[in-house]
Trainee: 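Have a look at this one before I ask anything.
FYI, side chains are in, hydrogens and waters are out, and symmetry mates aren't considered; it's all heavy atoms of this structure. This is a predicted model, so every value here is computed, not measured.
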Amino acid sequence: MKHWIEQRVQDAPNKIAFKYGNKTITYKALYEDALQVAAHLRQHNIERLGLYIQNEIDHVTFIIGAWLAHVEIVMINTKLTSKEITHQLKSVDVQVVYAYKQLEIDQEVKLIQDISTQTYDVKQMDIQLNMDDIATIMFTSGTTGPAKAVPQTFSNHYHSALGCKESLGYDTSTQWLSVLPIYHISGLSVVIRSLIEGFTVIIEPKFDVTRVMNMIKQEHITHISLVPQTLKWLMDDELNQPYSLQKILLGGAKLSDDLINQALTYQLPIYNSFGMTETCSQFVTASPEMLKHQPRTVGKIPTNVQLKILNKNEQGHGEVAVLGKNVMNGYLNINQANDTFEDGYFKTGDVGSIDDDGYVYIYDRRKDLIISGGENIYPFEIENIISKHPDIINCVAVPFEDEVWGQVPVLVYESDVTLSEADFQPLLNEYLAKYKHPKHVYKINEIPKTSTGKLSRVKVKAWVEHAEQ
């Protein structure tokens, strides 16, 4: 079948596909540039390519070009340290990386920073789209340890986009402002929806309150993807009316009642959502009308997925499991354990419920996972690095509620000596991205344990909450 970009060129070749600052590109020009990238990649016989990129039109072109060349792309989080990146690339056997700047990687990987300026004849190039092919590989901090490699097929992305269109709504007239990084599923999903539907994406390299607010006022922005904290910053500035906004898609952290009430008072079209990398973005979305009646809900089940609650307790709470064509087939770099799928349903690891009216509620984000400003932080990573310090006996990282970021990581350690945050900084700087660094460090005489002798996160979290009072 035709690639999505081909269909866009056929339907509206001169429509603006992407805007970046003062630069724009039509679907026709985007396609032509992507074909040249594809031809260059074909010359090197690349099957799987790491992408170290940011929100720019040229980098979107590289993504599309890789797809046209039938190259699987591995999205690299640019916030990670070189050691973290190296580990991820090794786990999925990446031999070539395209990077927009110099990147230090501790392995034999070919680094591409500029593609050839040679013009290729692309008339005979085979660019047919196989929906079952892997389009992207993204890493996620799963529920039981280090980052897992999630293979996302074109079919997964396509059905995710269909679900988003059903629950959120968009069309060819949409102008979607995307400030979330395209190496994340939340940012890339906007790009993919535009290729399938044919709307215009305005991409920004980072979130800036003044700049985003001016764009909302002046550039007829209809859709925007945000995390709760960025929405709050905008409302604290001048976002006290919808302007041209039709949809504000929120995810990455729970919404507070105050934030919901303030947004609805301003008549802002907020849509709360729940999803994950394994489901190719959100698969349940709550409209403003739903939030007025049930502010804690993440929405109702759309027609393209099935949900069920596993191992319910007396209150009907249990693990949320999802079945749908948007769901990955299985991780690449780990053996599929029994806790990944059950009867075809993907076990999210999140505790939730579904009421009699079909509203879905999520109570705890994946056990032990720390969600900070939309970024996933797994305590195991922090503990593993801190344990390298010669004076550490035991340590536990737990989440602590934070007004700005939703949650921040806090470290509790056991040692014969008293250590400061500065004592851990060299290790943290070398091995972990800054957003994963503990924001507070506490010494404890003995870390509490469970009845089976395991370190008790629950008890440590309670201890931290008491210490913070």
Side-chain angles (χ1 to χ4, degrees), residues 164 167-169 176-181 184 186-187 190 204 206-217 221-276 281-300 350-353 355 359-366 369-377 399-409 435 439 465 468:
C164 180
S167 56
L168 184 73
W176 201 313
L177 176 58
S178 182
V179 296
L180 301 175
H184 270 179
S186 52
V190 178
E204 285 287 295
K206 62 181 181 179
F207 180 85
D208 178 88
V209 172
T210 301
R211 180 166 172 78
V212 170
M213 196 64 240
N214 287 338
M215 295 174 75
I216 290 173
K217 288 180 177 180
I221 303 299
T222 63
H223 290 57
I224 187 171
S225 301
L226 299 170
V227 296
Q229 182 56 46
T230 52
L231 173 62
K232 185 179 186 305
W233 284 333
L234 287 171
M235 291 195 299
D236 289 344
D237 190 58
E238 297 182 349
L239 188 59
N240 53 18
Q241 59 178 296
Y243 297 95
S244 298
L245 287 170
Q246 300 171 12
K247 310 289 167 62
I248 300 174
L249 181 59
L250 299 168
K254 289 184 178 180
L255 301 182
S256 68
D257 290 348
D258 288 344
L259 186 68
I260 293 172
N261 292 334
Q262 184 180 1
L264 294 178
T265 299
Y266 291 162
Q267 297 184 318
L268 299 179
I270 57 170
Y271 287 72
N272 190 21
S273 69
F274 171 67
M276 52 208 311
S281 194
Q282 96 277 5
F283 58 88
V284 183
T285 306
S287 67
E289 291 72 24
M290 294 179 188
L291 293 172
K292 287 177 185 176
H293 300 292
Q294 300 289 345
R296 297 293 184 179
T297 188
V298 292
K300 290 189 174 183
D350 294 85
V351 177
S353 68
D355 69 14
Y359 286 104
V360 180
Y361 302 87
I362 303 297
Y363 304 108
D364 292 304
R365 300 288 290 182
R366 287 164 267 177
L369 192 63
I370 302 169
I371 311 293
S372 184
E375 292 281 1
N376 290 350
I377 305 172
F400 187 77
E401 300 301 315
D402 183 83
E403 290 184 359
V404 175
W405 302 112
Q407 293 179 328
V408 293
Y435 69 84
K439 300 303 181 288
E465 290 172 350
E468 284 281 348

Trainee: Answer yes or no: is there a side-chain heavy-atom contact under 4.5 Å between L231 and L239?
Mentor: yes
Trainee: Can you find a heavy atom in the side chain of F207 that is under 4.5 Å from one in the side chain of L226?
Mentor: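 They are in side-chain contact.
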Trainee: Could you tell me the separation between the CD1 atom of I224 and the CG atom of L245, rounded to the nearest 0.5 Å?
Mentor: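 Spacing of CD1 (I224) from CG (L245) equals 6.5 Å.
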Trainee: W233 vs W405 aromatic rings, parallel, tilted or perpendicular, using cut-offs 30° and 60°?
Mentor: perpendicular
Trainee: Do S372 side-chain atoms and Q407 backbone N/O form a donor-acceptor pair below 3.5 Å?
Mentor: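 Answer holds: yes.
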Trainee: Determine whether M213 and T210 make a side-chain contact, defined as any pair of heavy atoms from C-beta on separated by less than 4.5 Å.
Mentor: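 No, every pair of side-chain atoms sits at 4.5 Å or beyond.
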Trainee: Would you call D402 and K439 a side-chain contact if the rule is heavy atoms closer than 4.5 Å?
Mentor: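 No, every pair of side-chain atoms sits at 4.5 Å or beyond.
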Trainee: Looking at A286 and G299, what are the two nearest heavy atoms and their distance?
Mentor: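 Looking at all heavy atoms of both residues, the closest pair is CB-N, 3.4 Å.
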Trainee: Sort and list the pairs that fulfil side-chain hydrogen bond (donor to acceptor under 3.5 Å, both in side chains) and have at least one residue in residues 287-298, not counting sequence neighbours.
Mentor: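 Listed once each, the pairs are D257-R296, S287-E289, Q294-Y361.
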Trainee: Between E375 and H184, is there a side-chain heavy-atom distance shorter than 4.5 Å?
Mentor: yes
Trainee: If you define the side chain from C-beta out and look only at heavy atoms, does anything of V212 sit under 4.5 Å from V179?
Mentor: yes
Trainee: Using a 4.5 Å cut-off on heavy atoms from C-beta on, say whether the side chain of T285 contacts that of L249.
Mentor: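 Yes. Closest side-chain heavy atoms under 4.5 Å.
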Trainee: What are the two closest non-hydrogen atoms of G251 and P228, and how far apart are they?
Mentor: O-CD, 3.4 Å
Trainee: Any non-hydrogen side-chain atom of Q241 less than 4.5 Å from a side-chain atom of Q267?
Mentor: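 They are not in side-chain contact.
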Trainee: If I compare all heavy atoms of E403 with all of Q229, which pair ends up nearest, and what's the gap?
Mentor: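 Here E403 and Q229 meet closest at O-OE1, 3.4 Å.
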Trainee: Partners of F283 by ring-ring contact (aromatic ring centres under 6.0 Å, His included), sequence neighbours excluded?
Mentor: F274
Trainee: Mind listing the closest non-hydrogen atom pair of Q246 and Y271 along with its distance?
Mentor: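 So the minimum-distance heavy-atom pair works out to O-CE1, 4.1 Å.
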